[in-house]
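A quick write-up on the structure given underneath.
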Amino acid sequence: MLSNSRLLDKLLTGEYLPILNLVKNDPDLSIEMRIKNQPKVYYKKSLLLTLFPNRKPELLAVGYWKEGIQPILDVNFPESYFDQAKKLVEKHIDVKKNIEFTIQQKITTDNNSLRNQFLVIDMEYQFAQEKVKNRTNGKTRFDLVAIDLKINKIMLLELKQGLGSLSGNAGVDDHFLRYQEHVAHPIFQSALREDVKGIISSKNQLGLWDFNASSLVLQVDQAEIDYAYVFAAHSSAELILYKQQYGEKYTTLYLEVQANNYILKDGI
DNA sequence: CTCCGGCTGTCTGCCCTAAC
DNA sequence: GTTAGGGCAGACAGCCGGAG
C-alpha cells in the first residue's frame, strides 16, 4: 500500500495521471519509489521530477539549467517539460557518467518482468538509515536492487563498467566490505525486506509492471539477502582482466555491452 | 616543462529531524 | 500526515606541488 493515499489518488485518477501515463510509455523515463513511497521520475539517473501530496512538484535541479531557462511543468500537458528536461540533462552530464547510467537504466528496463531470472525493482537504493545508525562506519548505496525469481533472493547489485572503477575507494573490494558490514546486522535485513515490500507494492499499484506482483510481496519475508556485481564489459580484454582479478572472489553477473543484451543471468 | 595525485569547494540526490 | 531545512555520500572541477 502506498502510505500516502492522497498522492496515490492524484497519480491514478487525479491531476498527476498525465504524468504517470507519460512516464509509463517512455522507456527512457523511470519512476522510483523513495522513502515513504515518494515517487520520483528519472532520466539517466538525473532527477527530473519529485511529486508531493500537497506541495508543488519539485523540478530539475538548478545546476542543469542555470545558464539557460528553467523548464516549466504543466501537469495537464507534461510532454514539453520532459522534452526540455531531457535535453538539458543530455547537455549537462559528462560522457563517463552517461555510459554508466545508460547501462544501469537498460538493465532496469530489460529486467522488469517475470520472464527472466531477475526482476530489478530499484536503482540507487539507500536503506532507511535510522534503523542502522551507529552500527556501520559508512553509509553506502547500492546501484540496483533485484529479486532473483529462480531462488527467491533479494539481490543487492553493484554495477561496474570499465576498468577505471574497479580499484580504489569505491572499488570492488571496498564495496564488498561495506556490504558485509551492513548485512551482518539483523536490523538491516529486516529494514531491507520492509523497503523491498513497499517498493514492490507501490510499483504494482501504479501499474508499472505488466504482471501482478502481489504474490511477490509475500515471498519477500522468506527471501535470502545476497550481493553480487554486475560487470558490463566493453571488450573481451576487459572481461578477461576482470575475471582474472575478481571473478573467483565475488559473485558476478556478466554483460557484454556490444551484444546490447542486458538481461541478467547467473552462471555465465 | 608535463603529468599525476591529493586537497578543497560545489553540486546533486538521498534520508533525517523538528515543527506544523 | 506533511513540509522545510540540514547532514552526508558521491561525483566532479580547479588548484597546487612533487616527480620525472
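Per chain, numbering begins at 1; letters A, B, ... match sequence-line order. This one's a predicted model, so the numbers in the text were calculated from it and none came from an experiment.
Tyr227(A) pairs by the ring-ring contact (aromatic ring centres under 6.0 Å, His included) definition with Phe176(A), Tyr179(A), Tyr229(A), not counting sequence neighbours. Not counting sequence neighbours, Glu224(A) has no partner by the side-chain hydrogen bond (donor to acceptor under 3.5 Å, both in side chains) test. Listed by chain and residue number, Asp148(A), Asp266(A) satisfy the side-chain hydrogen bond (donor to acceptor under 3.5 Å, both in side chains) test with Gln117(A) (two or more places apart in sequence, or in another chain). Residues passing the ring-ring contact (aromatic ring centres under 6.0 Å, His included) test with Phe82(A): none are found, sequence neighbours excluded. Under the side-chain hydrogen bond (donor to acceptor under 3.5 Å, both in side chains) criterion, Gln84(A) pairs with no residue, sequence neighbours left out. Residues passing the side-chain contact (heavy atoms from CB on, under 4.5 Å) test with Ala228(A), sequence neighbours excluded: Met155(A), Leu157(A), Thr251(A). Taking the side-chain hydrogen bond (donor to acceptor under 3.5 Å, both in side chains) definition, one finds that Asp122(A) meets it with Arg34(A), sequence neighbours left out.
Here dC15(B) presents its P atom at 9 Å from CD1 of Ile199(A), a figure rounded to the nearest Å. Separating the CG atom of Asp143(A) from the P atom of dA9(C) is a distance of 17 Å, rounded to the nearest angstrom. Residue Glu124(A) contributes atom CD, which lies 11 Å from atom P of dC15(B) at whole-angstrom precision. Rounded to a whole Å, the CG atom of Leu49(A) is 12 Å from the P atom of dG13(B). When the C1' atom of dC14(B) is taken as reference, atom CE of Met123(A) falls 14 Å away, rounded to whole Å. Atom pair Leu60(A):CG and dT12(B):C1' shows a separation of 11 Å (rounding to whole Å applied). Counting to the nearest Å, the C1' atom of dG13(B) and the CZ atom of Phe52(A) are 12 Å from each other. Computed from coordinates, the Leu47(A) CG to dG10(C) C1' distance equals 16 Å when rounded to whole Å.
Phosphate proximity of dT3(C) to Lys56(A): absent, as no side-chain N or O sits under 4.0 Å from OP1 or OP2. For dG13(B), neither phosphate oxygen OP1 nor OP2 lies less than 4.0 angstrom from any side-chain nitrogen or oxygen of Tyr125(A).
Nearest nucleotide to the side chain of Arg55(A), out of dT3(C), dT12(B), dC14(B): dT3(C). Side-chain atoms of Arg34(A) lie closest to dC14(B) of the nucleotides dG13(B), dT2(C), dC14(B). Considering only side-chain atoms of Ala61(A), the nucleotide from dC14(B), dT2(C), dT12(B) that sits closest is dT12(B).
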### Task
For the pair Ser46(A) and Tyr64(A), evaluate side-chain hydrogen bond (donor to acceptor under 3.5 Å, both in side chains) and give the outcome as yes or no after the intermediate values.
CA-CA 9 Å; Ser46(A) 289; Tyr64(A) 292 96; 2.9 Å; yes

### Gln105(A)/Ser30(A) under side-chain hydrogen bond (donor to acceptor under 3.5 Å, both in side chains): CA gap, chis, key distance, verdict
CA-CA 8 Å; Gln105(A) 198 149 27; Ser30(A) 52; 3.1 Å; yes

Heteroatom pairs (N/O) under 3.5 angstrom, protein to nucleotides 18-20 of chain B:
none

#### Entry: Base-pairing string, 5' to 3', of DNA chain C - Watson-Crick or wobble, under 3.5 Å, | interstrand
||||||||||||||||||||

